[in-house]
Number of protein chains: 2
Amino acid sequence: MFKEEQIIKICKQNKWRLTEPRLEVLRIISHSKNPIKAYDILKKLANKIKNPKPPTAYRAIQFWQKHNFVHRIESLNAYQACSHGHSHAGAQFLICDDCGKVIESNLHEIPEILKKNTENKTFKPLRWNLEINGLCNQCS
Amino acid sequence: MFKEEQIIKICKQNKWRLTEPRLEVLRIISHSKNPIKAYDILKKLANKIKNPKPPTAYRAIQFWQKHNFVHRIESLNAYQACSHGHSHAGAQFLICDDCGKVIESNLHEIPEILKKNTENKTFKPLRWNLEINGLCNQCS
DNA sequence: TTTTTTATGTAATAATATAACATACAATAT
DNA sequence: ATATTGTATGTTATATTATTACATAAAAAA
């Protein structure tokens, strides 16, 4: 959703330090068609930074996750750029079992339902992650 | 949800082979208060089986997952016994960030919402996993 | 300019999971 | 009963994913 310039601006506005490894990791994730794994990020990072080690990739991933520009797809151990603005408490992903494409989808009703259903059980929901497997229109 | 005898019966009915490692792994997962990790299962399994190796645990876990008696909590890399009968295409988990307890919850509305929202986008949902983090009533 | 905080570099290792192949066992067919 | 076939296990090795720990560097604040 965000272009690089926008992200740079947002970082400046919030005084988040936009270092080289962070910027390069964001670019790698953003330019990846499908969710990308940490060690594949690391491999690509080696084209930009001399002999990067796992913590370099993981730290940058965490930074972007924290600010909601990158999501982790739990069932894939992989990371994808956020496509719905950078602030939300929960996300929904449609994962194509065939081509591996992941569509981030905002089901706006979910939060209401969560509240209704979980507060009845006196559970206080703070964030959620919904991963839906199936077939995308290209593959079905 | 199921007691051991019921599960034994169901296995016999379906001609699923209920071997020792499978039974012991099921017991370990069932008796665990919170979701349990594969290598913790393996450690406990060592009390029952001589020097078990990772594949022994993982194979048994997979067997029970396949038949929906055990779920994997993706965000925890951990496994928990199913509490809602052994046949459903999707599951919802309320994960307490404080005590680690995980409540399996059937939000019956979810499937309808999924269908509405995903078929609009011509994505065919087959199964889903919803993990909701928050605070349980004990901890909030 | 000094101090403090935050980020990175690097080596080591922890935690999670699977591949490959030999052996054993159970179910089925003969 | 026995041979055949398919399924499960035992075992070694290794792949994959992620973190700890500590030294150094850079930026921000005092």
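Numbers restart at 1 for each chain; the letters A, B, ... are given by sequence-line order, proteins then strands.
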Exercise. Reckon B:Lys37 has a side-chain N or O less than 4.0 Å from the OP1 or OP2 of C:dA15?
Worked result: no
Problem set entry | Upstream residue (5' side of DNA chain D) when B:Ile49 and B:Asn77 are each assigned their closest nucleotide | B:Ile49
Exercise. What pairs with A:Phe93 under ring-ring contact (aromatic ring centres under 6.0 Å, His included), at least two apart in sequence or on another chain?
Worked result: A:His71
For this session: Write down the distance between CG (B:Asp40) and P (C:dA17), rounded to a whole number of angstrom.
Result: 12 Å
Exercise. To the nearest 10 degrees, how far apart in direction are the end axes of the helix from C:dT1-D:dA30 to C:dT30-D:dA1, each fit to five base pairs?
Worked result: 30°
Problem set entry | Minimum-distance pair of heavy atoms, taken over all atoms of B:Asn14 and B:Ile10 | ND2-O, 2.7 Å
Exercise. Taking atom types as they are modelled, is there a donor-acceptor pair under 3.5 Å from the base of D:dA15 to the side chain of A:Tyr39?
Worked result: no
For this session: Measure from the side-chain heavy atoms of B:Thr19 and tell me the nearest of D:dA8, D:dT11, D:dT19.
Result: D:dA8
Exercise. Of the nucleotides D:dT12, D:dA18, D:dT19, which one has an atom closest to the side chain of B:Pro55?
Worked result: D:dT12
For this session: Would you check if the side chain of B:Lys37 reaches a backbone N or O of B:Leu76 as a donor-acceptor pair within less than 3.5 Å?
Result: yes
Exercise. Tell me: CG of B:Asn14 to C1' of D:dT7, nearest whole Å?
Worked result: 17 Å
Exercise. With a 4.0 Å cut-off on heavy atoms, is A:Pro21 in touch with a base, just the backbone sugar-phosphate, or nothing at all?
Worked result: sugar-phosphate
Exercise. Can you tell which of C:dT10, D:dA8, C:dA17 lies closest to the side chain of B:Arg22?
Worked result: D:dA8
Exercise. If only atom types and distance count, is the side chain of A:Glu24 paired as donor or acceptor with the main-chain N or O of A:Lys48 below 3.5 Å?
Worked result: no
For this session: Please work out which of the three classes, parallel, tilted or perpendicular, describes the rings of A:Tyr39 and A:Tyr58, given edges at 30° and 60°.
Result: perpendicular
For this session: Grab the OH-P distance between B:Tyr58 and C:dA17 for me, whole Å please.
Result: 4 Å
Exercise. To the nearest angstrom, how far is A:Lys53 atom NZ from C:dA12 atom C1'?
Worked result: 12 Å
Exercise. Does a nitrogen or oxygen in the side chain of A:Thr56 sit under 4.0 Å from OP1 or OP2 of C:dT8?
Worked result: no
Exercise. With sugar-phosphate meaning primed atoms plus P, OP1 and OP2, does A:Lys15 contact a base, only sugar-phosphate, or nothing at under 4.0 Å between heavy atoms?
Worked result: nothing
Problem set entry | Among D:dA18, C:dC25, D:dT9, the one nearest B:Arg59 by side-chain distance | D:dT9
Problem set entry | Rounded distance (Å) that lies between atom P of C:dA27 and atom NZ of B:Lys12 | 11 Å
Problem set entry | Candidate nucleotides D:dG10, D:dA27, C:dA17, ranked by approach to the side chain of B:Tyr79 - the nearest | C:dA17
Exercise. Rounded to whole angstroms, how far apart are CG on A:Leu76 and P on D:dA18?
Worked result: 11 Å
Problem set entry | Electrostatic pair B:Lys124-A:Asp98, nearest N-O below 4.0 angstrom | no
For this session: Output all residues satisfying side chain to side chain donor-acceptor pair (under 3.5 Å) with B:Asn137, sequence neighbours left out; order by chain, then residue number.
Result: A:Thr122
Problem set entry | Nearest-nucleotide pick for B:Arg17, side chain only, options being D:dT19, C:dC25, C:dT18 | C:dC25
